[in-house]
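Note sheet for the following structure.
Lettering of chains follows the sequences in order, A, B, ..., and the numbering in each one begins at 1.
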Amino acid sequence: MTETPTSPQPMRTDMCGELDMSDVGREVSLCGWVGRRREHGEHLAFIDLRDHTGVIQCVVDGAHDLRSEFVVRISGTVRHRPEGTTNANLATGEVEVGDCTVEVLSAAEPPPFPVDERIDTDEGVRLRHRYVDLRRDRMQRNLRLRATVNSAIRGAMEEQGFVEIETPMLIASTPEGARDFVVPSRLKPGSFYALPQSPQLFKQLCMVGGIDRYYQIARCLRDEDLRADRQFEFVQLDAEASFASQDEVIEFITHAVAAAVEAATGERPGDVPQMTWHDAMERFGSDKPDIRFGMELVELTAVFVATEFNAFKADCVKGIRVPGGAERTRKQLDDLTDAAKRYGAKGLVWMKVDADGAINSPVAKFLSEDELSGIVAALEAEPGDLVLLVADDRRTVRHVLGLLRLELGRPPVNEGGLRFLWVVDFPLFEGVDDNGSPIPMHHPFTMPHPEDTHLLDGSPDDLQNVRSQAYDLVVNGWELGSGSVRIHRGDLQQRIFGLLGISEEEARAKFGFLLEAFRYGAPPHAGFAFGIDRLVAILAGEENIREVIAFPKTQSGGDPLTEAPTPIDAAQLDELGLRVLPPKA
RNA sequence: GGUCCCGUGGUGCAGUUUGGAGUGCACGCCGGCCUGUCAAGCCGGAGGUCGCGGGUUCAAAUCCCGUCGGGACCGCCA
């Protein structure tokens, strides 16, 4: 193929959405897609020409056979629209392009769904024709916002001395954490690479390698079930800094996020408050509290220390107050009870506060006057309110009420502003495994809190109370990301492995290369990673990260456009030394 | 692994509760008319395996079972 010689005239001189009164009289050439057209017989037609910047009305001879989504080049003269025909709803509505020459660059079949935004189209249809969907304003806006955020983050990290390093996509599988995606090796049949769940170990190796401050906008892959805020593949700002404390890392990341928010919204967010994990769990029933609204969990255990009511003879009783919730019907309350049970509670006690302040509840007759007044006082319940109580072990109470709180009070994604929050002092361990060994909450390289190191020698209960130097960034109830100060000394690491029930041999097999690296001079280091998909979704006012991803997967992990995943042929399997088993019965 | 919701011309929806002829609305599409529209207007037209399979019934978009696809959530996601 020979290239077409460079045209003496540019294909286009201007963007559709950028023409205004200052362009009147200019000869312009515009390229784009045909949007709506209004035809008035063979002598006059109005064509809305669209590119990613917007729409401009072109006045053409009606004999042109232009259809929706044709790709055209239109040349003409910008002119002021005649008196009374301007369109205030259009950014370019004061002008139009007249005396048009039209060139059809590509004809097009009618689109499978309208490109204008007047109706919501089924997401499956949108994904099957994503290339059409991407033309729509919403996707253009979201993807460009995402690019802006990426760019701001890069700028902020580099300003702070971080160096962008790329780490491999084909790595060794480590048994910890989420399910790996694996890639069969051709040169070593029977062996597999894993795709990285995160560049965690590599960034720590970078610290040993003297990189000092590493960052990467990194693709991460986890083979776990998909959700509105989870895809198989997602993108994180991944960062690690040598000789840095928790507070310094928090500062670095806060700065990067603030830069992203400012680039996206024009407003720089204020200081980000911190909350301990313990407070978050007790007050919000979640380690990612949505602090845009109240309805906090209120401790009621003390009110029922001597209760006669069996259901409240529990480790923990907490309640939430739903302002104005007394209007809920019996059916709605039954639905809430069902939800509470689905979330793991044995039941849900509801109480309505009547206009006279009396408690209306199926269990009121089992409670003493003191207990009833204690509930009202602790929750500051007022007439018209609904109060929901759960009694169980502390974990369950927090979990169930935390979810009910969200179900009943959570504002839509685009309301209530951006409420960032650092959750700090996470526990080092979370429960125990089948062998009675504590389970690391973050990962086994997480540094214990300096004030709690003495507890490492203590009882199993003491161990559960050890705090770590791990911290999460939360916004509006979304976990944006997490990080920690890492253990960089072999002796402490051995001790933690010992507590976790990981033998020396096992540790060497799983993480030998990292432990070996640490023997050659490891700086103290700490890091963080946060999800860019989630940040962009929140900034775009989207409930779902698929709306900020150009080509996302569906909840069942498929791509309706390419139909991935697909079988591969026998020859390909053969080369990899693989055989596919028949599906399980 | 589990719970719940959805699936009706190209698109969005109504119809399903209480079974009775593929019935209806809006957009789009095709053709005609139309020289200032902008969600152009007017006239005419085409377009359907009611996701798929089975069952109940004289009769199923509608009821039942299964299945596929999409979505929300619990579990899972160090």
Side-chain angles (χ1 to χ4, degrees), chain A residues 35-49 55-63 65 67-69 81-90 92-93 96 98 109-129 132-133 174-180 197-198 200-201 220-232 234 335 338-345 399-400 403 406-407 426 428-431 433 438-446 468 470 479 482 484 500 502 510-511 531 543-544 546 553-558 560 563:
Chain A
R36 296 201 153 265
R37 46 195 207 289
R38 296 168 291 282
E39 293 171 344
H40 293 253
E42 55 181 313
H43 297 296
L44 176 69
F46 299 98
I47 303 297
D48 286 342
L49 183 65
V55 167
I56 178 79
Q57 172 167 287
C58 301
V59 186
V60 306
D61 192 298
D65 188 25
R67 303 294 167 121
S68 277
E69 301 306 310
R81 289 201 189 184
E83 188 75 31
T85 65
T86 58
N87 183 350
N89 297 323
L90 205 59
T92 59
E96 64 188 11
E109 292 177 21
F113 54 91
V115 176
D116 24 270
E117 313 256 341
R118 292 209 312 282
I119 42 171
D120 263 342
T121 300
D122 176 76
E123 203 186 340
V125 177
R126 291 173 54 204
L127 292 181
R128 197 148 35 250
H129 303 276
V132 173
D133 193 40
T174 53
E176 300 291 311
R179 196 177 294 112
D180 279 327
Q197 296 178 23
S198 82
Q200 180 64 37
L201 299 176
C220 305
L221 299 105
R222 295 178 190 173
D223 188 2
E224 297 290 348
D225 288 357
L226 293 81
R227 289 286 163 76
D229 62 349
R230 275 161 37 189
Q231 285 270 304
F232 284 154
F234 57 101
D335 288 347
D338 288 344
K341 286 178 179 166
R342 275 203 307 279
Y343 297 148
H399 177 68
V400 172
L403 289 171
L406 291 176
E407 202 165 307
F426 272 72
L428 190 61
F429 305 112
E430 183 185 33
D433 65 18
I439 302 164
M441 191 159 193
H442 189 57
H443 59 55
F445 315 111
T446 307
S468 67
E479 181 193 323
S482 59
S484 62
L500 296 174
I502 298 174
K510 286 178 175 175
F511 316 109
E543 306 271 4
N544 193 306
R546 292 190 297 272
K553 305 277 188 291
T554 65
Q555 198 163 61
S556 53
E563 300 196 304

How far does the [atom1] atom of [N] sit from the matching atom of [M], given to the nearest Å?
N: G12(B); M: C74(B); atom1: C1'; value: 32 Å
N: C6(B); M: C63(B); atom1: P; value: 11 Å
N: G10(B); M: G28(B); atom1: C1'; value: 7 Å
N: G66(B); M: G15(B); atom1: P; value: 25 Å
N: C43(B); M: C27(B); atom1: P; value: 12 Å
N: G69(B); M: C29(B); atom1: P; value: 33 Å
N: U67(B); M: G7(B); atom1: C1'; value: 14 Å
N: C50(B); M: G31(B); atom1: C1'; value: 29 Å

Atom-to-atom span, [atom1] of [X] to [atom2] of [N] - whole angstrom:
X: Leu226(A); N: G75(B); atom1: CG; atom2: P; value: 16 Å
X: Leu406(A); N: A72(B); atom1: CG; atom2: P; value: 16 Å
X: Asp338(A); N: C74(B); atom1: CG; atom2: P; value: 17 Å
X: Arg37(A); N: A39(B); atom1: CZ; atom2: C1'; value: 14 Å
X: Arg222(A); N: C77(B); atom1: CZ; atom2: P; value: 10 Å
X: Leu403(A); N: C73(B); atom1: CG; atom2: P; value: 11 Å
X: Ile439(A); N: C76(B); atom1: CD1; atom2: P; value: 10 Å
X: Asp65(A); N: G32(B); atom1: CG; atom2: C1'; value: 14 Å

Next item on the list: Return the set of residues passing salt bridge (charged side-chain N to carboxylate O under 4.0 Å, His left out) with Asp65(A) (not counting sequence neighbours), or none when no residue passes.
Entry: Arg67(A)
Margin query: So, taking the atom named NE2 in His399(A) and the one named OH in Tyr343(A), what distance separates them when rounded to the nearest 0.5 Å?
Written below: 8.0 Å
Can you find a side chain N or O atom of [X] that sits less than 4.0 Å from OP1 or OP2 on [N]?
X: Thr554(A); N: G69(B); result: no
X: Arg36(A); N: U37(B); result: no
X: Arg38(A); N: A40(B); result: yes

Pairing partner of [N] (Watson-Crick or G-U wobble, both distances under 3.5 Å):
N: C63(B); answer: G55(B)
N: G22(B); answer: none
N: G31(B); answer: C43(B)
N: G69(B); answer: C6(B)

Of all the nucleotides listed ([options]), which has the minimum atom distance to the side chain of [X]?
X: Ser556(A); options: C77(B), G70(B), A39(B); result: G70(B)
X: Arg230(A); options: C77(B), A40(B), G71(B); result: C77(B)
X: Asn544(A); options: G70(B), C30(B), G71(B); result: G71(B)

Check: Is it true that atom CG of Asp120(A) has more than 12 heavy atoms of other residues, nucleotides or ligands lying nearer than 6.0 Å?
Finding: no
At a cut-off of 3.5 Å, list every protein nitrogen or oxygen paired with a nitrogen or oxygen from nucleotides 33-36 of chain B, distance to 0.1 Å.
residue: C34(B); atom: N3; partner: Glu39(A); partner atom: O; Å: 3.4
residue: C34(B); atom: N3; partner: Gly41(A); partner atom: N; Å: 3.0
residue: C34(B); atom: N4; partner: Gly41(A); partner atom: N; Å: 3.2
residue: U35(B); atom: OP2; partner: His40(A); partner atom: O; Å: 3.4
residue: G36(B); atom: O6; partner: Arg79(A); partner atom: NH2; Å: 3.2
residue: G36(B); atom: N1; partner: Glu96(A); partner atom: OE2; Å: 2.9
residue: G36(B); atom: N2; partner: Glu96(A); partner atom: OE1; Å: 2.4
residue: G36(B); atom: N2; partner: Glu96(A); partner atom: OE2; Å: 3.3

Item checked: Charged N-O contact under 4.0 Å between Arg230(A) and Glu224(A) -> no
Note to self: What does the B/S/- profile of nucleotides 2-14 of chain B look like, 5' to 3', with a 4.0 Å heavy-atom cutoff to protein?
What the structure shows: -S------SSS--
